[in-house]
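Counting starts at 1 for both ligands and their atoms, following the listed order.
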Amino acid sequence: MVSPKVREMLATIEAETRLTSRQTGRSALRERVMEALAKVPREEFVPGPMRPFAYADNALPIGLGQTISQPFIVALMTDLLEPEKDHRVLEIGTGSGYQAAVLSQLVRKVYSVEVIPELAEQASRRLQRLGYRNVEVRLGDGNHGWPEHAPFEGVMVTAAAPLVPPALKKQLASRGRLVIPIGLPYLHQELMVLEKDEAGNISTREVLGVAFVPLVGGVDPAERRG
Ligand code: SAH
């Protein structure tokens with residue numbers, strides 16, 4: 001059974017989807033994406049004092065200067081990834097682990113990289129406790145992706161970057177999709193969807209203006225040349 005608070009969150013996501021449909025080209029999100037949102041208990045992913053607001057359509061602080069994204073944005077980014085049951089997905093920016101939990105309902109395996117040790121550890125423990133067995137969290141700089149498990153059918157970056165980290169493009173499977181906010185940290189980014197075709201060529205499209213915390217760290221010069 002879906003609680004009234006969750007139902008309200010889903011209704012708000014549907015309304016926001018319609019309101020932004022001119023930009024995004026989507027007037028409704030996939031049924032299975034909405035079902036995944038309905039199933040994951042968002043209150044488990046926010047700090048105690050934030051629990052009363054867990055199902056509001058807002059980003060919320062999760063400590064250490066970071067935030068759990070707004071449910072509509074989680075839903076939209078998940079939909080843009082076009083997740084399928086047999087996919088393996090890489091997420092950069094585990095944060096609370098909420099987005100990873102949503103993805104875990106939709107794909108075979110989620111690999112998630114977080115750069116802040118406390119958050120990586122908390123999220124990993126939380127996901128274990130809640131029984132999300134197909135999510136693996138690693139501490140590290142997501143600019144380098146997770147080469148040992150590449151290629152990925154989907155890559156999602158949940159922090160703002162000035163450009164698409166080259167390693168992530170490289171680790172994208174043929175016909176894979178990469179969803180990432182590109183632009184100025186905190187202020188304004190364009191949510192971008194990159195798609196790799198069978199020949200390895202990448203096409204890019206802008207979807208919507210968004211605001212994320214920054215992707216820290218960076219690519220080293222050798223990787224930039226490659
Ligand atoms: N997806 C998260 C919210 C992301 S907030 C959720 O569902 O809760 C952005 C996260 O990206 C923060 O936790 C931040 O520490 C992390 N981050 C920033 N730069 C990073 C990098 N280079 N590699 C990995 N994680 C990074």
Side-chain angles (χ1 to χ4, degrees), residues 9 13 33 36-37 39-47 50-51 53-81 83 89-107 110-127 130 132 135-147 149 152 154-168 171 178-186 189 191 210-220 223-224:
M9 180 185 84
I13 292 171
V33 169
L37 267 288
K39 264 192 256 162
V40 178
R42 197 163 185 267
E43 79 270 9
E44 296 282 355
F45 293 83
V46 302
M50 291 294 145
R51 289 206 173 178
F53 314 108
Y55 293 99
D57 194 34
N58 292 318
L60 294 170
I62 55 170
L64 298 146
Q66 305 305 320
T67 55
I68 178 172
S69 306
Q70 177 190 357
F72 166 60
I73 295 297
V74 171
L76 176 64
M77 288 176 80
T78 305
D79 194 75
L80 290 167
L81 214 59
V89 166
L90 173 67
E91 181 199 19
I92 306 303
T94 316
S96 67
Y98 178 70
Q99 174 73 73
V102 169
L103 286 167
S104 82
Q105 307 293 293
L106 295 159
V107 301
V110 181
Y111 297 95
S112 188
V113 183
E114 170 57 52
V115 77
I116 299 180
E118 291 90 330
L119 290 179
E121 199 175 303
Q122 271 174 30
S124 181
R125 264 193 275 121
R126 174 181 290 138
L127 290 161
L130 296 172
Y132 298 102
V135 183
E136 204 173 318
V137 176
R138 181 175 102 170
L139 175 65
D141 180 354
N143 281 286
H144 305 297
W146 197 330
H149 294 296
F152 304 98
V155 177
M156 185 189 288
V157 182
T158 61
L163 78 174
V164 184
L168 301 186
Q171 291 171 30
L178 195 163
V179 179
I180 182 170
I182 296 286
L184 301 170
Y186 301 112
Q189 305 103 43
L191 192 57
V210 289
F212 276 84
V213 297
L215 184 74
V216 300
V219 291
D220 59 53
E223 223 179 327
R224 214 183 268 274

Discussion item. Under 3.5 Å, is there a donor on one side chain and an acceptor on the other for E44 and S96?
Written reply: no

Worksheet item: Judging by distance only, is a nitrogen or oxygen of I116 under 3.5 angstrom from one on ligand 1?
Response: no

Worksheet item: Mind checking whether A101 has a heavy atom under 4.0 Å from ligand 1?
Response: no

Practice prompt. For the residue pair V210 and L76, establish whether any side-chain heavy-atom pair is separated by less than 4.5 Å.
Written response: no

Item to complete: Indicate yes or no: at least one non-hydrogen side-chain atom of Y186 is less than 4.5 angstrom from one of V213.
Response: yes

Worksheet entry | Pi-cation contact, Y55 with R42 (under 6.0 Å, within 45°) | no

Worksheet item: What is the minimum heavy-atom distance between L127 and F45, and which atoms define it?
Response: CD2-CE2, 4.0 Å

Item to complete: Measure the distance from atom 16 (C) of ligand 1 to every protein heavy atom, then report the residue, atom name and distance (to 0.1 Å) of the closest one.
Response: E114 OE1, 3.4 Å

Discussion item. So, 4.0 Å and heavy atoms of G93: is ligand 1 close enough to count as a contact?
Written reply: yes

Worksheet item: So, is G142 polar-close to ligand 1, with some N/O to N/O distance under 3.5 Å?
Response: yes

Discussion item. Taking 4.0 Å as the limit for heavy-atom contacts, which would you say applies to V213 with ligand 1: side chain only, backbone only, both, or neither?
Written reply: side chain

Worksheet item: Hey, are the side chains of I73 and F212 touching, using non-hydrogen atoms and a 4.5 Å cut-off?
Response: yes

Practice prompt. Indicate yes or no: does an N/O atom of Q99 lie under 3.5 Å from an N/O atom of ligand 1?
Written response: yes

Worksheet entry | Proximal atoms of ligand 1 relative to I68 (non-hydrogen, under 4.0 Å) | 8 (O)

Worksheet entry | T67 N/O under 3.5 Å from ligand 1 N/O | no

Fill in: For P214, the ligand 1 atoms whose distance to one of its heavy atoms is below 4.0 Å
18 (C), 19 (N)

Worksheet item: Is it the side chain (CB and beyond), the backbone, both or neither of L119 that lies under 4.0 Å from ligand 1, heavy atoms counted?
Response: side chain

Fill in: Under 3.5 Å donor-acceptor, T158 side chain and G93 backbone
yes

Worksheet entry | Of the listed options S96, G95, G65, G145, closest to atom 8 (O) of ligand 1 (non-hydrogen atoms) | S96

Worksheet item: Does any N or O atom in I92 lie less than 3.5 angstrom from one in ligand 1, N or O only?
Response: no

Discussion item. Side chains of Q99 and T78, heavy atoms from C-beta outward: is any pair under 4.5 Å?
Written reply: yes

